[in-house]
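Reading through the structure tokens given below for one structure.
Numbers for residues simply follow the sequence, beginning at 1.
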Amino acid sequence: MGLVQTKDQQLFIGVDGGGSKCRATIYTADGTVLGTGVAGRANPLHGLAQTFASIEASTRQALLDAGMKETDSHLLVAGLGLAGVNVPRLYQDVISWQHPFAAMYVTTDLHTACIGAHRGADGAVIITGTGSCGYAHVGDDSLSIGGHGFALGDKGSGAWLGLKAAEHVLLALDGFAAPTALTKMLLNHFGVSDALGIVEHLAGKSSSCYAELARSVLDCANAGDEVARGIVQEGADYISEMARKLFSLNPVRFSMIGGLAEPLQAWLGSDVVAKISETLAPPEMGAMYFAQQQFNSVNINE
């Protein structure tokens with residue numbers, strides 16, 4: 001299908017898809033925001049159908065927010081920054097999708113988060129949300145750490161904090177560990193009275209279900225619960241070590257992104273906290289920058 005706009009008039013949509021939600025924002029070529037939409041999770045590791053449905057739903061919302069028609073997605077050049085596409089098979093599955101856009105360019109959510117955080121400049125970024133991962137790009141060198149998914153990795157993430165808390169509470173309820181504030185927290189959260197009640201709510205569930213517990217685990221830790229403190233500190237120590245590995249590339253800037261980025265700062269190494277810079281733009285804008293670069297490169301070559 002042909003593009004209606006000229007290069008300078010072309011509209012772009014940046015999509016940031018992760019384990020909990022998918023956010024899409026429509027931009028003009030100069031980066032002006034026209035509309036935004038949010039839908040459910042968009043991590044191909046947890047299902048391609050769900051990922052594509054979330055991308056389409058967030059796109060429709062963004063189009064309506066921009067005062068456009070739901071069917072106008074064919075006018076947009078899309079940049080997709082998705083969790084899970086660091087796995088080659090899943091990357092191929094996504095780029096093979098019969099998408100509704102004028103053109104589509106795909107990379108990892110880490111890559112687009114880094115581009116956005118530093119407005120296209122070199123730098124490093126750690127995402128601590130439902131999952132956890134780190135990425136640095138300096139000159140011709142790049143380094144990617146983590147991003148292996150729940151429950152193979154994602155240490156220090158919301159899902160990991162929730163999992164570790166649930167593991168301890170189940171041990172406590174079976175008499176193998178001392179009950180703490182975490183026990184009451186988890187029972188109250190699900191409105192149950194025993195271990196099987198917790199199992200019924202969590203067994204086989206997604207990472208986002210475990211991540212819903214993260215804030216309560218942090219609350220317990222901040223209130224002095226020793227078990228919760230141990231869990232949070234172990235996760236934060238891992239994030240600190242991840243940052244130090246990224247620093248080996250000597251990035252000019254370093255940012256942290258995600259729902260746990262701010263709450264975890266109090267638990268990170270002081271050397272890491274000292275290097276944190278504000279995020280200059282959201283991951284969706286990073287995805288737009290990526291799409292714009294790829295789109296312009298293709299047009300120049302043609």
Could you tell me the separation between the CD atom of Glu226 and the SG atom of Cys220, rounded to the nearest 0.5 Å? 12.0 Å
Measure from the side-chain N and O atoms of Gln233 to the backbone N and O of Ala228, and report whether any donor-acceptor pair falls under 3.5 Å. no
Are the side chain of Asn188 and the backbone of Lys184 linked by a donor-acceptor contact shorter than 3.5 Å? yes
Residue pair Cys114 / Gly123: nearest heavy atoms and the distance that separates them: SG-O, 3.5 Å
With a 4.5 Å cut-off on side-chain heavy atoms, are Leu171 and Val169 touching? no
Go through the steps for Trp160 and Phe150 under the test ring pair (Phe, Tyr, Trp, His ring centres under 6.0 Å), then give the verdict. CA-CA 8 Å; Trp160 183 86; Phe150 183 77; over 10 Å; no
When rounded to the nearest 0.5 angstrom, what is the spacing between OG1 in Thr128 and CD in Glu262? 10.5 Å
Do Phe290 and His111 have their ring centres less than 6.0 Å from each other? yes
Could you check whether Lys155 pairs with Glu234 (Lys NZ or Arg NE/NH1/NH2 to Asp/Glu carboxylate O, under 4.0 Å)? yes
Would you please name every residue forming a ring pair (Phe, Tyr, Trp, His ring centres under 6.0 Å) with Tyr91, sequence neighbours left out? none
Do Phe247 and Ile126 sit in one hydrophobic cluster, given that two such residues count as connected whenever their side-chain heavy atoms are within less than 4.5 Å of each other, even indirectly? yes
Quick one: are Val217 and Met185 in side-chain contact, heavy atoms under 4.5 Å? yes
Could you check whether any side-chain N or O of Arg253 sits under 3.5 Å from a backbone N or O of Thr279, counting only pairs where one atom can act as donor and the other as acceptor? no
Sub-3.5 Å donor-acceptor pair from the side chain of Ser54 to the main-chain atoms of Gln50, do we have one? yes
Nearest non-hydrogen partners of Ala113 and Ile127, listed with the distance: CB-CD1, 3.9 Å
According to a hydrophobic-cluster definition based on side-chain heavy atoms being under 4.5 Å apart (Ile, Leu, Val, Met, Phe, Trp, Tyr only), do Leu34 and Leu64 belong together? no
Side-chain (Asp174) to main-chain (Phe176) donor-acceptor, under 3.5 angstrom: no
Met68 vs Leu11, test: side chain to side chain contact (heavy atoms under 4.5 Å, CB included). Steps then yes/no. CA-CA 12 Å; Met68 301 171 70; Leu11 298 181; 3.8 Å; yes
Looking at Tyr210, I'd like to know if the NZ or CZ of Lys205 sits under 6.0 Å from its six-membered ring centre while staying within 45 degrees of the ring's axis. no
Just do the side chain to side chain contact (heavy atoms under 4.5 Å, CB included) check on Gln293 and Tyr105 with the steps written out, would you? CA-CA 10 Å; Gln293 180 185 44; Tyr105 304 98; over 6 Å; no
What class does the angle between the rings of His137 and Tyr135 fall in, given that below 30° is parallel, 30 to 60° is tilted and above 60° is perpendicular? parallel
ILVMFWY network linking Val85 to Val15, side-chain heavy atoms under 4.5 angstrom: yes
Grouping I, L, V, M, F, W and Y whenever their side-chain heavy atoms are under 4.5 Å apart, do Ile257 and Met285 come out in a common cluster? no
Between Ile13 and Phe101, is any pair of side-chain heavy atoms under 4.5 Å apart? yes
Look up atom CE in Met242 and atom CG in Leu268, then write down how far apart they are to the nearest 0.5 Å. 11.0 Å
Heavy-atom closest pair, residues Arg119 and Leu280: NH2-O, 3.5 Å
So, the side chain of Glu70 versus the backbone of Leu63: is there a donor-acceptor pair under 3.5 Å, distance only? no
Side-chain donor or acceptor of Asp194 paired with backbone N/O of Gly197 under 3.5 Å: yes
Could you tell me how the ring of His99 sits relative to the ring of Trp97: parallel (under 30°), tilted (30 to 60°) or perpendicular (over 60°)? perpendicular
Quick one: closest heavy-atom pair of Thr51 and Pro44, and the distance? OG1-N, 3.2 Å
Which heavy atom of Ser132 sits nearest a heavy atom of Ile239, and at what distance? CB-CD1, 4.1 Å
Donor-acceptor pair, Asp65 side chain versus Thr36 backbone, under 3.5 Å? yes
Smallest heavy-atom separation, Phe254 atom then Met256 atom, equals CZ-CG, 3.6 Å
Quick one: do Asp16 and Lys21 make a salt bridge, cutoff under 4.0 Å? no
For a side chain to side chain contact (heavy atoms under 4.5 Å, CB included) check, start with the C-alpha distance between Asn86 and His148, then their side-chain angles and the critical distance, and finish with the verdict. CA-CA 9 Å; Asn86 53 325; His148 306 310; 5.5 Å; no
ILVMFWY cluster, Leu173 and Leu213 together (side-chain gap under 4.5 Å): yes
Do side-chain atoms of Ser58 reach the backbone of Ile55 as a donor and acceptor pair under 3.5 angstrom? yes
Short side-chain to backbone donor-acceptor contact, Gln292 and Ala29, under 3.5 Å: yes
Please test Asp109 against Leu82 for side chain to side chain contact (heavy atoms under 4.5 Å, CB included), starting from the C-alpha separation and ending with a verdict. CA-CA 4 Å; Asp109 59 337; Leu82 303 178; 5.7 Å; no
Do the non-hydrogen side-chain atoms of Val33 and Tyr27 ever get within less than 4.5 Å of each other? yes
